[in-house]
Amino acid sequence: MAEIRERTDADLDVCVVLLKDVHELAGYPINWPKDPWRWLTPEDGLGSWVAVVDGQVAGHVALTAQGAQGASVERLFVDPKATGAGIGRQLLEYAVTTAGELGRRLSLEVVDNRGPAVRLYRRAGWQETGRTAIDWGGDQASEVIHFDAPDPGGDGVRASSDRL
């Protein structure tokens, strides 16, 4: 099990290296950012966290504000050498809990070429709420899939504005 802690500026270089590995091996993000350090720190961010295993950063997740009551999971990735160890699920659960503590409805978007990510979200109880065609995915992706988080109380019911 990983330790989840707030990401520090000192973590950014290793996060960029891991992100580059994920990009090259798994195609996330589809389009490599011009400034990956800035990309990992969205302007509307509510926080960024890393998963640490044996003293090494092994994953990353960020939350961004979506209006006054919403939040979105962003920049979720795991070191390719650590996939399958439950780190992605742990980071996702941390995001759900944190959004709940902030009183925000949580959602995320993922491109349709991310099969393992889509399976992770569905196994974790996230509910697909729609799809939007995209033109920036080239031959790698044609849609963005929208998901809403499960209730942070763990009853499997997705969060909605009337539950806050």
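Just the heavy atoms: all of them, side chains too, but no hydrogens, waters or symmetry mates, feed the values below. All values reported here derive from a predicted model rather than from experimental measurement.
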Query raised in the report: CG of Leu12 to OG1 of Thr41: how many Å apart, nearest 0.5 Å?
Result: 5.0 Å

Query raised in the report: Could you state the interatomic distance from OG1 (Thr83) to CG (Leu25), rounded to the nearest 0.5 Å?
Result: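 The CG atom of Leu25 is 9.5 Å from OG1 of Thr83, to the nearest 0.5 Å.
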
Query raised in the report: Under the ring-ring contact (aromatic ring centres under 6.0 Å, His included) rule, what pairs show up with a residue in residues 43-67, not counting sequence neighbours?
Result: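 Matches after skipping sequence neighbours: Trp49-Tyr94, His60-Phe77.
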
side-chain hydrogen bond (donor to acceptor under 3.5 Å, both in side chains) partners for [X], two or more places apart:
X: Glu93; value: Arg89
X: Asp21; value: none
X: Gln66; value: Thr64
X: Arg38; value: none

Minimum heavy-atom distance between [X] and [Y], given as atom pair plus value:
X: Leu18; Y: Gly59; result: CD1-N, 4.4 Å
X: Phe147; Y: Arg122; result: CE2-CG, 4.0 Å
X: Val16; Y: Pro36; result: CG1-CG, 3.9 Å
X: Leu19; Y: Pro29; result: CD1-CD, 3.7 Å
X: Ala99; Y: Leu63; result: N-CD1, 4.1 Å
X: Val53; Y: Ile87; result: CG2-CD1, 3.8 Å

Report task. Can you tell me which residue pairs pass the salt bridge (charged side-chain N to carboxylate O under 4.0 Å, His left out) test with a partner in residues 52-79, sequence neighbours excluded? Result -> Asp79-Lys81

Requested in this report: Sorted by first residue and then second, give each salt bridge (charged side-chain N to carboxylate O under 4.0 Å, His left out) pair with at least one member in residues 60-73; sequence neighbours left out.
Outcome: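 Not a single pair qualifies under salt bridge (charged side-chain N to carboxylate O under 4.0 Å, His left out).
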
Query - Test log, rule side-chain contact (heavy atoms from CB on, under 4.5 Å), inputs Leu40 and Ser48 - result: CA-CA 8 Å; Leu40 287 171; Ser48 298; over 6 Å; no

Please enumerate all residues that pass side chain to side chain contact (heavy atoms under 4.5 Å, CB included) together with [X], with sequence neighbours excluded.
X: Val14; answer: Val57
X: Leu102; answer: Leu46, Thr98, Arg104
X: Glu3; answer: Arg5, Val52

**Report entry** Residues which pass ring pair (Phe, Tyr, Trp, His ring centres under 6.0 Å) with His23, listed by chain and number, not counting sequence neighbours
**Finding:**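 His23 satisfies ring pair (Phe, Tyr, Trp, His ring centres under 6.0 Å) with Trp32 only.
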
Query - Steps toward side-chain contact (heavy atoms from CB on, under 4.5 Å) verdict (Val61, Leu92) - result: CA-CA 8 Å; Val61 69; Leu92 191 59; over 6 Å; no

Requested in this report: Before giving the answer on side-chain contact (heavy atoms from CB on, under 4.5 Å), spell out for Arg105 and Asp148 the whole-Å C-alpha distance, their side-chain angles and the decisive distance to 0.1 Å.
Outcome: CA-CA 8 Å; Arg105 294 181 318 276; Asp148 280 349; over 6 Å; no

Report task. Begin from the C-alpha positions of Trp126 and Leu106 and carry the test side-chain contact (heavy atoms from CB on, under 4.5 Å) through to its verdict. Result -> CA-CA 10 Å; Trp126 288 66; Leu106 188 58; 3.8 Å; yes

Query raised in the report: Would one find more than 12 heavy atoms of other residues, nucleotides or ligands at under 6.0 Å from atom CD of Glu24?
Result: yes

